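Treat the numbers as computed from the prediction; the structure is a model and nothing was measured.
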Amino acid sequence: MTCEELNCDVCHSEVKERWCGQCAAIPEKYKMFWKYPAFNPMQTLAMEIFDKGGRPSMIACAGTGTGKTVIMERAIIDHKLSGSKGKIVVLLPLKALATEKMRDWKEKFGLSVIEVTGDTREETGYGEKLNEKLMQSDVIVTSYEKFGIWTRSPDTYSFIMHVDLMMVDEVHSLGSVSRGGELDGTITRFLLMRSERAGKKSAVQVVLLSATFDNVDELKKFVNQFVENLHVVNLEFSPIKKHILPLRTYSGRGQNEVSLRNMLVEIAKDHAAGGILGLIYSRKGVEAVSRDLNGKFGANFSRAHNAGMAKPVRVKVEDEFRSAQVKCLVASPTIAMGLNLPGQSIAVIADFWDANLKKKKVIPKGDLYQIIGRAGRPPFYKDAYIYIAVDATLEGAYEREMEKSIVVKGRMLEVLDSIINTEVFRSPALIARDIFTWLERSFSYITNEIPIDEFKAIVKDEIKWLLENGFVQIDSEGRLYATKRGEACAKSGHRPKFVLHLLKTLYSAEFIKSESSDAWSDDDAIQLLVDIYENQYSSIQIKDLDKDCEKMMSFEWINDTNGHIDWRKTAPDFSFVKEIADDLKRTEQLFRWCGIPASAKESIFVTM
């Protein structure tokens, strides 16, 4: 049907010329769920697959802002209409995104929807109490890491075996340095568990969404091991016209903030009609730029947004921007991971500081595409104006990065100690051959094309390391079992190599042996966290301690080593300062598992 026949005016006029006739009217029975007049070309392809029935699994790849969420929603609707009593799990990369989906879907579908993230732990609890709540819920919206913890302890979280629809948003996170390896382990572990329990493929319907995934055939090969009736929707469609301005450069320390501010001021003058987004990889920079803009344009012109904000504050900021109460949102790039916070124009600082390499790097092409997809999202705006700046020394690197294909490679080998340790704990009496077989089915093995002999040597080395450092043990017949230390890591989600580093760092700090918390200075505690954080294992550690260290080290006063630092008085009034202390308290269980003296354990939590 043509755009005129559908009475649809969502797309830019140039987009209409190319795609007209490839949209479809929304059937009457679905109009209560979607208020716009038609499905776009990408959504139409997906709906045609769903209309054939048979609980299709699907991989959908299309640009940011093309309405891929509708695919998840259609899967939920069909699940509900089928009368299935199974659970639906939705894995999302951000707490803020989970909050958004929970709010929308609870009202839209009339189902019992529960959000389980770090923001909700006090109300949802954990262990058997949480499992009871999950068993009573229809839709469970959670983070990659939370679901990973549940798959590690299926006896405690028995609801896992009742999940028959799993949906993963931003599945290109499989290639993320910080979380890709564990996400691969989580998805592989869950699908193996469910198919083995059912004794067949397709025990679970799978829906995977991504904006950036050029090697989608490899993702299909991975998923096909576990499901039947798998379809791929891969369409280079966008309803808007993107106006990308010439690349800008800046030079000098702190000039990234100045460059972002100048671009946002220019946007405010030249494209004043729509909302404005500014993105920079620096929480300190986010606050500084937003503050400067309010000084120039008035107190309600801009708001700062980052993932560390307390949930009520974060939700308030997002709602203010959606409702146009504020004109500009300055944010860390986490906002680019699917939140529906559209602006007509966007300014991006396209580089970041790599803490491991101790140098600046260009944002990967896939991440940048996610970011600029925030601009001009329909039905809000049909044109998008995109401003990009990069450190002058990285201009050549930026140009080379933009010429690359967006190929997602699995990262499980980088956290192999954690993956193997978890499987030994979850399935006692494994032998090495079982572990090889398990790992050969992972996305990482498929995408990295490692020769089998080399792969086996890598796995054997990791098993040997786990044995030598007391995380697993082996009997006379070669069967592997978890030790108490290995069990602690498996349950908590901490990497064995990180825990070993943590123990060595703690025991090398003389002040931690003090019996009195009064003997601890703030300098001591801060330096301890610095020592813990500046390590290759903590840099890819996905649990809270690493995040706490990163939060603390993002402030300039942390690095002031002259004299005593009373950080409780000098800290900026950020909502997540209190969260640092709360999160550190949650690591108490890990300290207890690892045998840290009670006096030292209490001291660090009192001090912080």
Decide yes or no for [X] and [Y]: does some side-chain heavy atom of the first lie under 4.5 Å from some side-chain heavy atom of the second?
X	Y	value
D138	I88	no
I420	V472	no
M167	I76	yes
N448	F455	no
T142	L91	yes
M193	M161	yes
V168	L174	no
E73	W105	yes

Within the side chain of [X], is there an N or O that forms a donor-acceptor pair under 3.5 Å with the backbone of [Y]?
X	Y	value
T124	L130	no
R485	F471	no
S173	E170	yes
S57	V206	yes
K365	M402	yes
S405	V407	no
D434	I431	yes
Q205	P56	yes
S158	D155	no

Using every non-hydrogen atom in the two residues, find where [X] and [Y] come nearest and quote the distance to one decimal.
X	Y	value
S195	F226	OG-CD2, 4.4 Å
A490	R152	O-CD, 2.9 Å
G486	N421	O-ND2, 2.9 Å
E440	Y445	O-CD2, 3.3 Å
D169	Y144	O-OH, 2.7 Å
T447	G410	OG1-N, 3.0 Å

Applying ring-ring contact (aromatic ring centres under 6.0 Å, His included), run through F190 and W150 and close with a yes or a no. CA-CA 9 Å; F190 171 70; W150 300 337; over 10 Å; no
Rounded distance [0.5 Å steps], [atom1] in [X] versus [atom2] in [Y]:
X	Y	atom1	atom2	result
K106	S112	NZ	OG	7.0 Å
K129	L134	NZ	CG	12.0 Å
K68	L208	NZ	CG	12.5 Å
L439	T188	CG	OG1	8.5 Å
D367	H172	CG	NE2	6.5 Å
L277	I372	CG	CD1	12.5 Å

Less than 4.0 Å between a side-chain N and a carboxylate O, is that true for E182 and R179?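 Salt bridge flag = no for E182 with R179.
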Salt-bridge present (E401, K404; N to O < 4.0 Å): yes
Non-neighbouring partners of D417 that pass side-chain hydrogen bond (donor to acceptor under 3.5 Å, both in side chains), sequence neighbours left out: R495
With sequence neighbours excluded, tell me which residues meet side-chain hydrogen bond (donor to acceptor under 3.5 Å, both in side chains) with T69. none
Do other residues, nucleotides or ligands put more than 12 heavy atoms under 6.0 Å from R441 CZ? yes
Are there more than 12 heavy atoms of other residues, nucleotides or ligands under 6.0 Å from atom NZ of K360? yes
Going through the distances and angles, do K497 and E462 end up as a salt bridge (Lys or Arg N to Asp or Glu O under 4.0 Å)? CA-CA 10 Å; K497 289 182 178 178; E462 290 295 332; 3.3 Å; yes
Which of parallel (below 30°), tilted (30 to 60°) and perpendicular (above 60°) describes F213 and F443? perpendicular
Please determine whether salt bridge (Lys or Arg N to Asp or Glu O under 4.0 Å) holds for the pair E218 and K221, giving the CA-CA distance in whole Å, both sets of side-chain angles, and the decisive distance to 0.1 Å. CA-CA 5 Å; E218 290 183 310; K221 181 179 179 181; over 6 Å; no
If we check side-chain contact (heavy atoms from CB on, under 4.5 Å) with V223, which of these qualifies: V171, I187, I59? I59
Would you please test I140 and F147 for side chain to side chain contact (heavy atoms under 4.5 Å, CB included) and show each step? CA-CA 10 Å; I140 298 146; F147 192 65; over 6 Å; no
Hydrogens and angles aside, do H79 and D164 bring a side-chain donor and acceptor to less than 3.5 Å of each other?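 Yes, side-chain donor-acceptor contact under 3.5 Å.
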